[in-house]
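For clarity, every value in this text was computed on a predicted model and none was experimentally measured.
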Amino acid sequence: MKILIVEDERDLRETIRASLQKEQFVVETASDYFSALDKINDYDYDCILLDIMLPGGSGLDLLRELKHLRRNDSVIIISAKDSLDDKVDGLELGADDYLTKPFHLAELNARVKSLIRRRVAQGDLTVSLGNLTLDPDKHTVTVDHQPLTLNRKEYDLLYYFVVNPNRVINKMSLAESVWGDNIDQADSLDFIYSQVKNLRKKLKQAGATVELKAVYGFGYKLSEV
């Protein structure tokens, strides 16, 4: 799950980042209007935490841009401004929730998880495909109700495939979704191949009724056998 934090207060931004990373989210950040605009134009996110008052522009204008792009990223406004007009404007522009500073990190984490469940699993606590079931909150996987042991990146890859079934996904999309900003440090995307190879092997050995296929020249696709 990939989160974007748009917040100009450095200490708060880094505190939220650390908290969400402990929950095993992939987290990216932007500290001003224009860097945030670049990110939402270039990447998709499962949830965006958006401050209204930003250097260079307004978070409400970023919401308008998301609406213009016809994007369905979940958005939680986090702002010290507690006026009814701001809340109404934000919600009418497509925000899903509004949290007023200061707030407890536990509440923010709970709201993020709730929005993501609503977006990718229609509110269910688990996501399934064939005899494969993932629990995003617990970061567990079962095949026919038997636990499947995966490392962190294998789990993240599998989750991304499961919520995008039968869709051909290229290496760059996988890398950006699972590794986030850290992908800029990679010399190549060859490491994706080894991660996918290991994941495919574990699914087959566990008797999963889904298959991870390579689509030559394009990427990978997960579908039921």
Let me check something: do L66 and L91 share a hydrophobic cluster, defined by ILVMFWY side-chain heavy atoms less than 4.5 Å apart, either directly or through other members? no
Residues L93 and K67: closest non-hydrogen pair is O-CD, 4.1 Å
Quick one about T126 and T133 (side-chain donor to acceptor, distance below 3.5 Å, no hydrogens or angles considered), yes or no? no
Trace of the salt bridge (Lys or Arg N to Asp or Glu O under 4.0 Å) decision for E28 with R17: CA-CA 8 Å; E28 296 183 3; R17 183 214 287 264; over 6 Å; no
Distance-only check: which donor-acceptor pairs under 3.5 Å involve side-chain atoms of residues 146-154, not counting sequence neighbours?
unit_1	atom_1	unit_2	atom_2	d
N151	OD1	K153	N	3.1
N151	OD1	E154	N	2.7
N151	ND2	E154	OE2	3.4
R152	NE	D156	OD2	2.9
R152	NH2	Q24	O	2.9
K153	NZ	V178	O	3.2
E154	OE1	N151	N	3.0
E154	OE1	K202	NZ	2.8

Ignoring hydrogens and geometry, is there a side-chain-to-backbone donor-acceptor pair from T209 to N131 under 3.5 Å? yes
Start with the C-alpha distance between K39 and Y45, add both sets of side-chain angles, then the distance that settles side-chain contact (heavy atoms from CB on, under 4.5 Å), and finish with yes or no. CA-CA 9 Å; K39 284 185 175 293; Y45 297 93; 3.5 Å; yes
Would R111 and E107 pass as an ion pair if we require N to O under 4.0 Å? yes
Looking at every heavy atom in both T15 and L105, which two are closest together, and how far apart are they? CG2-CD1, 3.7 Å
Less than 3.5 Å apart, which donor and acceptor atoms pair up between the side chains of residues 214-224 and the rest of the protein, not counting sequence neighbours?
none

Would you be so kind as to tabulate the donor-acceptor pairs closer than 3.5 Å made by side chains of residues 51-65, with sequence neighbours excluded?
unit_1	atom_1	unit_2	atom_2	d
D51	OD2	K101	NZ	3.2
S58	OG	L60	N	3.0
D61	OD1	R64	NH1	2.6

Check this for me, if you would: do R200 and E211 make a salt bridge, where the nitrogen-to-carboxylate-oxygen distance has to be below 4.0 angstrom? no
Mark yes or no: K2 above the aromatic ring of Y43, with NZ or CZ under 6.0 Å from the six-membered ring centre and no more than 45 degrees from the axis. yes
Could you report the tightest heavy-atom contact between R167 and N164, atom names first, then the distance? NH1-OD1, 2.7 Å
Look at the side-chain heavy atoms of Ile, Leu, Val, Met, Phe, Trp and Tyr, link any pair under 4.5 Å apart, and say whether I5 and F103 land in one connected group. yes
Kindly determine whether I76 and I48 satisfy side-chain contact (heavy atoms from CB on, under 4.5 Å), including the steps that lead there. CA-CA 6 Å; I76 300 177; I48 298 173; over 6 Å; no
Minimal heavy-atom distance between S74 and D96, with the atoms involved, is CA-OD2, 3.2 Å
Pair S35-D38, side-chain donor/acceptor within less than 3.5 Å: no
Shortest non-hydrogen contact from V162 toward L134: CG2-CD1, 3.8 Å
Could you tell me whether the side chain of R71 and the main chain of I40 form a donor-acceptor pair under 3.5 Å? yes
Would you kindly say whether D135 and T140 are connected by a side-chain donor-acceptor distance under 3.5 Å? no
Same cluster or not: V168 versus L199, using hydrophobic residues (I, L, V, M, F, W, Y) connected whenever any side-chain heavy atoms lie under 4.5 Å apart? no
Correct closest heavy-atom pair for A36 and V6 would be CB-CG1, 3.6 Å
